[in-house]
Amino acid sequence: MKSVTLVGANVKLFINNKLYASVQTINLDIDYAEEAIYGIDSPWPQEIAGGRATIRGNIQGIRIKNSGGLQAQNDGIRPLFSDLAASPYISIRIQDIATSEDIIFIPRAKVTRESHSASIKNSYKLNFDFIGQTFLFPLDRA
């Protein structure tokens with residue numbers, strides 16, 4: 001069977017079902033929270049039990065002029081600073097360009113941190129971290 005590797009230019013990122021074109025790097029960490037369950041006085045586990053799965057990630061990109069940052073893009077990735085209690089859930093979808101296959105879909109995620117960096121004669125970087133939940137992977141939905 002032929003093996004094909006996806007490269008960065010062959011994926012798209014959608015936030016709230018709108019293309020997030022300024023992305024440069026996507027990092028994901030999926031923790032299934034599986035733990036060994038031990039019996040009384042047993043040095044070996046009797047089973048591996050599932051826990052609460054979480055996805056943590058980081059999206060790094062550039063800030064486009066007059067875009068409004070995270071507060072204005074894609075129906076408000078973050079709320080206005082005057083209303084921080086209204087932090088909305090967002091959806092994140094990573095898709096293969098050639099086949100339109102979903103690589104990962106996170107229907108409910110929240111941005112937990114954002115960072116900005118700028119240097120002289122260089123692009124303005126806008127990065128944000130998120131935590132999310134996913135219930136089904138693409139193969140589960142087939």
Side-chain angles (χ1 to χ4, degrees), residues 1-39 42-142:
M1 173 183 250
K2 182 180 174 183
S3 176
V4 179
T5 303
L6 284 172
V7 294
N10 289 332
V11 297
K12 297 186 283 190
L13 174 70
F14 293 90
I15 297 179
N16 294 336
N17 292 322
K18 294 181 183 173
L19 183 64
Y20 189 72
S22 60
V23 66
Q24 292 182 323
T25 305
I26 306 165
N27 298 301
L28 293 171
D29 181 30
I30 303 170
D31 183 2
Y32 297 107
E34 294 175 332
E35 294 184 40
I37 305 295
Y38 294 88
S42 173
W44 297 281
Q46 294 177 332
E47 66 177 307
I48 306 294
R52 295 180 178 158
T54 58
I55 297 177
R56 292 184 186 276
N58 176 271
I59 296 175
Q60 302 170 1
I62 57 174
R63 189 178 190 287
I64 309 296
K65 290 182 181 181
N66 299 318
S67 68
L70 296 181
Q71 287 73 28
Q73 290 194 13
N74 294 337
D75 300 323
I77 295 172
R78 284 293 300 167
L80 298 174
F81 287 110
S82 59
D83 193 13
L84 289 177
S87 178
Y89 282 105
I90 59 172
S91 68
I92 299 172
R93 181 186 309 268
I94 302 170
Q95 197 174 69
D96 181 5
I97 288 176
T99 64
S100 296
E101 171 197 13
D102 284 351
I103 296 169
I104 194 161
F105 175 58
I106 305 165
R108 295 173 56 99
K110 281 196 170 194
V111 173
T112 58
R113 187 182 73 83
E114 71 179 80
S115 65
H116 300 254
S117 65
S119 59
I120 303 301
K121 296 183 180 180
N122 206 345
S123 58
Y124 189 101
K125 303 286 184 183
L126 172 59
N127 308 324
F128 60 94
D129 296 345
F130 65 87
I131 185 170
Q133 309 170 312
T134 188
F135 306 106
L136 301 172
F137 284 92
L139 291 176
D140 296 328
R141 293 184 283 159

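Position 1 is the first residue of the sequence, and the numbers go up from there.
- The side chain to side chain donor-acceptor pair (under 3.5 Å) check on Y124 picks up H116, with sequence neighbours excluded.
- Separation of atoms CD1 (I106) and CD1 (I30) is listed at 7.0 Å; rounding is to 0.5 Å.
- Rounding to the nearest 0.5 Å places OG of S115 at 7.5 Å from CG of L126.
- In this structure, I90 CD1 and F130 CZ are separated by 7.5 Å, a value rounded to the nearest 0.5 Å.
- Between L13 atom CG and I59 atom CD1 the span is 4.5 Å, to the nearest 0.5 Å.
- Distance check, rounded to the nearest 0.5 Å: CD of Q60 to CD of Q24 gives 8.5 Å.
- Judged as a side chain to side chain donor-acceptor pair (under 3.5 Å), and not counting sequence neighbours, the contacts of T99 are D96.
- Both the sub-6.0 Å distance and the 45° axial angle are satisfied by R108 relative to the ring of Y89.
- Counting only heavy atoms from C-beta outward, the side chains of I55 and I104 approach each other to under 4.5 Å.
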Practice problem: Please step through side-chain contact (heavy atoms from CB on, under 4.5 Å) for the pair I48 and E35, ending with a clear verdict. | Solution: CA-CA 5 Å; I48 306 294; E35 294 184 40; over 6 Å; no
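- Between R113 atom CZ and I131 atom CD1 the span is 13.5 Å, to the nearest 0.5 Å.
- Exactly one residue among I94, I92, N58 makes a side chain to side chain contact (heavy atoms under 4.5 Å, CB included) with I26. That residue is I94.
- At a threshold of 4.0 Å, the pair D129-R56 does not count as salt-bridged, since none of the basic side-chain nitrogens sits closer than that to a carboxylate oxygen.
- The shortest side-chain heavy-atom distance between N16 and S91 falls under the 4.5 Å cut-off.
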